[in-house]
Amino acid sequence: HRNSSYQVFDSAIGLLNSRGYTVVRMGRFASNSIDTSTNLVWDYAKSGLQSDELDLYIFEKSEFCISTRYGVDEIALLFEKPLVLMDHGEDLFCPQADYLLPKIFTWMESGELLTLDEINQLRVADFRSNSDFVNAGISWKSNTNEDVYKAMNEYLTNRGRLTDKTRLSTYWGNFQT
């Protein structure tokens with residue numbers, strides 16, 4: 001439940017590239033390579049060049065981090081970079097996330113979606129294996145390539161709105177106390 005297929009990010013990578021972003025795939029234990037046919041994608045995870053120093057440099061230079069929350073995204077937080085969690089499997093109330101697209105959780109018996117309250121009450125964030133989900137009667141599925149694309153587009157469209165201190169003070173300055 002923690003691993004995401006790299007293919008669910010293909011369209012989002014294309015979207016980022018079309019907007020001029022260079023995508024760097026991080027990680028130490030990537031099983032598959034990603035398409036690097038454009039010079040705007042670097043498969044650092046498979047490059048053989050990984051080092052702690054280069055990890056830090058990449059995050060220091062990045063504008064934001066897209067993650068599934070099971071990797072080096074803590075470094076992005078160290079550098080106060082926005083964190084976009086996609087196809088995220090557990091903690092749906094992650095206060096560090098600037099944007100969150102969770103996996104899809106349903107009841108095995110009825111196929112109905114779990115509510116956020118149910119996910120929280122069942123402590124899904126504490127589940128450590130697929131058997132925990134089965135024992136709770138929950139199934140999950142990853143987001144689709146289209147889900148991730150739409151979420152990334154939404155994030156990019158709204159990025160910075162009401163988070164920039166200047167915009168906030170202008171916005172709140174319109175109200176009298």
(message) Before we go on, tell me: are the rings of Phe64 and Tyr155 under 6.0 Å apart, centre to centre?
(response) yes

(message) A quick test of your reading: do over 12 heavy atoms of other residues, nucleotides or ligands sit less than 6.0 Å from CZ of Arg123?
(response) no

(request) Count the heavy atoms of every other residue, nucleotide or ligand shown that sit under 6.0 Å from CD of Glu60, and state whether that count exceeds 12. (result) yes

(message) If we ignore hydrogens and angles and just use 3.5 Å, is the side chain of Asp147 paired with the main-chain N or O of Thr144 as donor and acceptor?
(response) yes

(message) Under the rule for side-chain hydrogen bond (donor to acceptor under 3.5 Å, both in side chains), what residues qualify as partners of Ser37, not counting sequence neighbours?
(response) Asp35

(message) Using every non-hydrogen atom in the two residues, find where Asp98 and Pro82 come nearest and quote the distance to one decimal.
(response) OD2-CA, 3.0 Å

(request) Determine, step by step, whether Thr38 and Asn17 satisfy the side chain to side chain donor-acceptor pair (under 3.5 Å) criterion, reporting the C-alpha distance in whole Å, the side-chain angles of both residues, the deciding distance to 0.1 Å, and the verdict. (result) CA-CA 9 Å; Thr38 172; Asn17 290 166; 4.6 Å; no

(request) Taking Asn153 for its side chain and Tyr149 for its backbone only, find out whether a donor-acceptor pair lies under 3.5 Å. (result) no

(message) Under a 3.5 Å distance rule, please check whether Gln50 uses its side chain to pair with a backbone N or O of Asp55 as donor and acceptor.
(response) no

(message) Check the orientation of Phe105 and Phe133. Use parallel for under 30°, tilted for 30 to 60°, and perpendicular for over 60°.
(response) parallel

(message) Is the distance from the ring center of Phe79 to that of Phe59 below 6.0 Å?
(response) no

(request) For Lys46, look at atom NZ and say whether over 12 heavy atoms of other residues, nucleotides or ligands are found less than 6.0 Å away. (result) yes

(message) Going by side-chain hydrogen bond (donor to acceptor under 3.5 Å, both in side chains), name the residues that satisfy it together with Ser62, two or more places apart in sequence or in a different chain.
(response) none

(request) List the steps, then state whether salt bridge (Lys or Arg N to Asp or Glu O under 4.0 Å) holds for Lys150 with Glu146. (result) CA-CA 6 Å; Lys150 287 178 178 177; Glu146 183 180 0; 3.0 Å; yes

